[in-house]
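Just below is one structure, and these are the notes that go with it.
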Amino acid sequence: MMNLRLGFLASGGGSNLQAIIDACKNGRLKAECCVVISNNSKSKALKRGKSAGIPTAHLSTKTHSTNEQLDLAITEKLEEHKVNLVILAGYMKLLGPSTVAKFRNRILNIHPALLPRFSGKGFYGKNIHKSVLSSNEKFTGVTIHLVDEQYDHGPIIAQKRIAIMKEDTLESLEQRVLSHEHELYVNTLRQIASGEIDLGSIAL
Ligand code: GRF
């Protein structure tokens with residue numbers, strides 16, 4: 001059993017964040033949502049955090065002049081709120097070395113494809129689904145993985161395969177994948193909370 005204290009980093013819409021907040025509120029997930037950090041002061045994610053009564057922080061290269069200072073500020077903010085599991089939910093920046101080291105094996109990211117495919121430079125947002133559609137794949141999916149110093153890297157914790165339909169458009173595929181993301185993120189966190197998934201035994 002792990003008493004989860006979640007700290008979120010999000011840049012955009014925050015629908016994954018919302019799914020996790022909702023699961024905590026309705027008791028499906030036993031965890032505390034401790035802080036929402038965003039590099040984008042106008043992000044919907046920050047608004048969602050505020051309306052849920054969760055402490056929020058805008059930390060970016062606007063609030064901190066160097067990447068090193070920003071990295072330290074993020075580490076400190078997470079520590080201030082006694083976070084023990086960091087949830088990247090549509091965070092568009094690379095986490096700095098201080099945060100990665102301080103929370104090694106304790107940072108999760110979600111990726112809207114079946115890693116290691118469709119990842120790396122340029123593979124974010126709609127670009128991912130566009131490439132998947134034009135590759136004539138039969139399946140796409142969702143991946144949750146531990147975060148290390150590289151984008152979309154680190155051991156895979158959970159994956160869900162999703163069939164691509166003939167009539168899928170960029171929008172329909174994006175929406176379907178996103179709703180699976182919400183489910184997989186909540187379910188994976190439930191498994192971590194219950195001890196079914198032991199992050200401590202997974203070495204980076
Ligand atoms: C999701 O597709 C996630 O996989 C990717 O960024 C998107 C974030 O969506 N990393 P949201 O902000 O949670 O709505």
Side-chain angles (χ1 to χ4, degrees), residues 6-25 28-29 31 33 35-52 54 56-60 74 85-95 99-100 103 107-133 135 137 139-164 168-189:
L6 308 177
F8 298 88
L9 284 140
S11 304
S15 70
N16 278 288
L17 163 70
Q18 190 67 58
I20 297 168
I21 292 174
D22 292 347
C24 290
K25 287 222 161 115
R28 250 193 94 209
L29 172 63
C33 299
V35 63
V36 177
I37 300 169
S38 183
N39 58 310
N40 175 0
S41 63
K42 299 203 164 49
S43 65
K44 199 162 167 197
L46 275 188
K47 290 202 187 86
R48 290 182 192 269
K50 279 186 196 134
S51 358
I54 302 166
T56 59
H58 166 225
L59 300 176
S60 73
I74 291 174
L85 189 62
V86 181
I87 307 293
L88 304 191
Y91 188 58
M92 302 300 283
K93 309 271 287 187
L94 194 62
L95 272 186
T99 308
V100 172
F103 291 92
I107 309 173
L108 297 179
N109 182 40
I110 191 156
H111 186 78
L114 293 172
L115 288 179
R117 308 204 48 214
F118 301 102
S119 69
K121 209 168 185 288
F123 283 102
Y124 61 90
K126 289 194 189 316
N127 292 347
I128 298 172
H129 304 298
K130 222 183 262 173
S131 310
V132 167
L133 279 178
S135 68
E137 296 281 333
F139 291 94
T140 184
V142 177
T143 305
I144 293 174
H145 65 96
L146 282 172
V147 171
D148 59 14
E149 288 81 358
Q150 301 172 46
Y151 277 116
D152 303 327
H153 202 252
I156 291 171
I157 304 296
Q159 245 175 355
K160 164 93 190 171
R161 240 159 60 118
I162 302 166
I164 299 171
D168 261 329
T169 61
L170 186 52
E171 286 69 31
S172 69
L173 188 63
E174 188 178 33
Q175 274 316 308
R176 201 160 69 259
V177 170
L178 197 57
S179 64
H180 282 284
E181 289 185 40
H182 301 161
E183 202 182 306
L184 190 68
Y185 231 162
V186 169
N187 282 340
T188 302
L189 289 173

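One is the number of the first residue; the rest follow in order along the sequence. In listed order, ligands and their atoms are each counted from 1.
Between F8 and V35 there is no side-chain heavy-atom pair separated by less than 4.5 Å. The side-chain heavy atoms of I157 and T143, taken from C-beta on, include no pair separated by under 4.5 Å.
Under 4.0 Å from any atom of ligand 1, one finds heavy atoms of residues G13, G14, S15, N16, G90, I110, H111, P112, L178, E181.
Contacts of R161 classified as side chain to side chain contact (heavy atoms under 4.5 Å, CB included), with partners at least two apart in sequence or in another chain: L114, F139. In this view, N39 and S11, S60, Y91, K93 satisfy the side chain to side chain contact (heavy atoms under 4.5 Å, CB included) rule, not counting sequence neighbours.
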List the atom pairs, with distances to 0.1 Å, where a side-chain N or O of residues 120-129 and a protein N or O form a donor-acceptor pair under 3.5 Å, not counting sequence neighbours.
residue	atom	partner	partner atom	Å
K126	NZ	E174	OE1	2.7
N127	ND2	G122	O	3.0

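Residue K50 holds its NZ atom at 4.5 Å from OG1 of T56, rounded to the nearest 0.5 Å.
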